[in-house]
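Only one structure is covered here, and it is reproduced in the block below.
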Amino acid sequence: MERTFAFIKPDGVQRGLIGKVIERFENRGMKILAMKLINITPEQAKEHYKEHEGKDFYEPLLDYIMSGPVVAMVIEGRDCVKQIRKLAGDTDPKDAEPGTIRYDFAQNISRNIIHAADSDTSAKREIAIYFTPDEILNYPLDAHHWVFGD
Ligand code: CMP
């Protein structure tokens with residue numbers, strides 16, 4: 001099983017969408033290994049988004065991501081990185097497919113509800129920014145057997 005990192009951004013939290021987003025992960029048979037409501041620190045925000053440093057949206061992105069609590073998660077499932085990205089939809093909600101989180105709940109690339117790691121390498125890097133190993137729980141989820149048939 002693969003792991004990924006995602007967070008529900010401040011707009012998702014403020015708009016009361018925590019349950020709706022998590023429901024989609026659970027519906028897909030994903031297992032949540034860790035989850036917490038946090039205020040992202042400037043250090044975490046800069047480390048997370050360092051690849052965007054210098055871009056015109058970088059400073060507004062940091063302000064936005066630190067403007068209120070986020071729900072950070074470690075999620076496990078088969079092909080989890082790709083599946084959670086697919087559930088999230090295109091970064092720009094205008095390009096996202098109906099049925100994805102960003103299409104269904106967002107209109108603007110700078111207020112796009114959710115972040116999801118784009119690769120296994122990013123997932124590992126991002127998990128380490130927000131979670132210590134002891135915060136990531138290892139437990140059996142009975143539904144996995146029923147979802148995957150093995
Ligand atoms: P996220 O998946 O968190 O990864 C980088 C974030 O930068 C992205 O979602 C958007 O919130 C933001 N972003 C990317 N491109 C732009 C852009 N052109 N204008 C504003 N925000 C952007």
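Read the numbers this way: they start at 1 and go in the same order the structure lists the ligands and their atoms.
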Short N or O distance, Arg85 and ligand 1, threshold 3.5 Å exclusive: no

Ring centre gap for Tyr58 and Tyr49 strictly below 6.0 Å: no

For atom 5 (C) of ligand 1, the option (of Tyr64, Phe57, Tyr58, Tyr49) bearing the nearest heavy atom: Tyr49

Heteroatom distance test (Ile114, ligand 1): nitrogen or oxygen, under 3.5 angstrom: no

Contact summary for Phe25 and Ile101, nearest pair of heavy atoms: CE2-CD1, 4.1 Å

Atoms of ligand 1 close to His52 [distance to a heavy atom under 4.0 angstrom, numbered from 1]: 5 (C)

Distance-only side-chain donor-acceptor flag, Asp11 / Tyr64, under 3.5 Å: yes

Atoms in ligand 1 flagged as close to Thr91, the criterion being non-hydrogen separation under 4.0 Å: 8 (C), 9 (O)

Between His144 and Glu76, a side-chain donor and acceptor under 3.5 Å: no

Residue-ligand contact Arg111/ligand 1, heavy atom below 4.0 Å: no

Atom 11 (O) of ligand 1: the protein heavy-atom neighbour that sits closest, reported with distance to 0.1 Å: Lys9 NZ, 3.1 Å

Glu126 side chain vs Ala123 backbone, donor-acceptor pair below 3.5 Å: no

Aromatic plane relationship, Phe7 with His115 - under 30° parallel, 30 to 60° tilted, over 60° perpendicular: tilted

Heteroatom distance test (Ser110, ligand 1): nitrogen or oxygen, under 3.5 angstrom: no

Proximal atoms of ligand 1 relative to Arg102 (non-hydrogen, under 4.0 Å): 2 (O)

Within 6.0 angstrom of Tyr103 OH, more than 12 heavy atoms from elsewhere: no

Protein residue, atom and distance nearest to atom 10 (C) of ligand 1, heavy-atom basis: Ile109 O, 3.4 Å

Short N-O contact, Lys20 and Glu23, less than 4.0 angstrom: no

Numbered atoms and elements of ligand 1 in range of Leu61, under 4.0 angstrom, heavy atoms: 6 (C), 7 (O), 11 (O), 12 (C)

